[in-house]
Amino acid sequence: MRIGVLALQGAFIEHIHALTQLGAECVELRQLADLEQPLDGVVLPGGESTVQGKLLHELGMFTPLQEKIKQGLPVLATCAGMILLAEHLAADSTRHLATMPITVKRNAYGRQLGSFVTEAELGSLGRVPMTFIRAPYIESVGEGVETLAVVDGHIVAAQYGRQLALAFHPELDIDKSTAVHEYFLRLCR
Ligand code: GLN
C-alpha cells in the first residue's frame with residue numbers, strides 16, 4: 001500500500017512514522033510529479049492551511065490533488081488539512097480544495113484554549129487520545145457526512161465517503177494509539 005503524504009509544510013513526518021510503523025509505504029508529495037504516481041491514499045497534515053493552500057497553487061498541485069480526491073482517493077486530513085478539505089470556512093470566504101461538505105471554524109478555541117489534550121470516542125474505534133493545537137472544529141456538516149467525534153459540544157471528526165477529517169493530531173499520539181491510522185489504512189484498501 002502506497003500512501004502519499006503532503007510534505008510542503010507542517011507536521012508530515014509524524015504521519016510518515018505512524019503509517020510506516022503500520023507497514024505502509026509512504027511517499028512525500030512535494031511537487032506535481034509526486035502526484036502522478038499510483039497512490040492508494042493521501043494524507044493532508046496539520047500546519048498552516050493558508051500557507052499550504054498557497055503552495056499547492058504555486059506548485060501546480062492544487063487541481064490534480066482536488067481531482068484525485070473528487071474521484072475517490074482516500075484522504076486523512078488533520079487540522080490544517082481539514083481546513084483544506086472544507087467546502088466552507090466560518091466567517092471567511094476562503095476556500096481551498098472544498099471536496100467535503102462541512103463548514104469549519106479556524107482557530108476555533110481562541111488563544112487561551114489554543115492547545116489541549118483530551119480523550120474521546122471516535123466512531124467505532126472507541127476512545128482515542130486527541131491533541132488539539134490551535135485547532136479548528138466543524139461547525140456544521142452537510143448531507144452524507146458522518147460525525148465521528150464530538151468534544152465539548154463541537155464536532156472534531158467526520159467522514160464523507162473515504163475522506164476522513166480530524167480537528168486533532170493523531171500522529172502526535174502514536175505511542176498511545178495507532179487506531180486512527182489503522183482505520184485510514186483500512187479505508188485505503
Ligand atoms: N491554525 C491552523 C490553520 O488555521 C491549523 C493548526 C494546525 O494544523 N495545528 O491552518
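Whatever order the structure lists them in is the order used to number ligands and atoms, beginning at 1.
Every atom of ligand 1 with a heavy atom of Ser49 under 4.0 Å away is listed here by number and element: 3 (C), 4 (O), 10 (O). Of all atoms in ligand 1, listed by their number and element, those nearer than 4.0 Å to a heavy atom of Gly46 are 8 (O). Shown in contact with Gly47 at under 4.0 Å from a heavy atom are these atoms of ligand 1, numbered in order with element: 2 (C), 5 (C), 6 (C), 7 (C), 8 (O), 10 (O). If you number the atoms of ligand 1 from 1 as listed, the ones under 4.0 Å from a heavy atom of Ile83 come out as 3 (C), 4 (O), 10 (O).
Using the six-membered ring where Trp is involved, His154 and Tyr109 have ring planes that are perpendicular, over 60° apart on the 30 and 60° scheme.
Residues Thr99 and Gln163 have side chains that bring a donor and an acceptor to within less than 3.5 angstrom of each other.
Between Ile133 and ligand 1, at least one pair of N/O atoms sits closer than 3.5 Å.
Counting heavy atoms under 4.0 Å from ligand 1, residue Thr78 does not touch it at all. Only the side chain of His169 comes within 4.0 Å of ligand 1, judged by heavy-atom distances. With a heavy-atom cut-off of 4.0 Å, Arg106 touches ligand 1 through its side chain alone.
Looking at Gln21, its side chain never comes within 3.5 Å of a backbone N or O of Ala18 through a donor-acceptor pair.
When every heavy atom of Leu89 is checked against every heavy atom of Thr103, the shortest pair comes out as C-CG2, 4.3 Å.
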Could you walk me through whether Gln52 and Gln9 pass side chain to side chain donor-acceptor pair (under 3.5 Å), step by step?
CA-CA 6 Å; Gln52 294 178 356; Gln9 189 267 344; 3.1 Å; yes

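Pro45 is not listed as a side-chain neighbour of Glu171, based on a closest heavy-atom distance of 4.5 Å or more.
Distance from atom 7 (C) of ligand 1 to its nearest protein heavy atom, with residue and atom name: Cys79 SG, 2.7 Å. Considering only non-hydrogen protein atoms, atom 1 (N) of ligand 1 sits nearest to Asn107 OD1, 2.7 Å.
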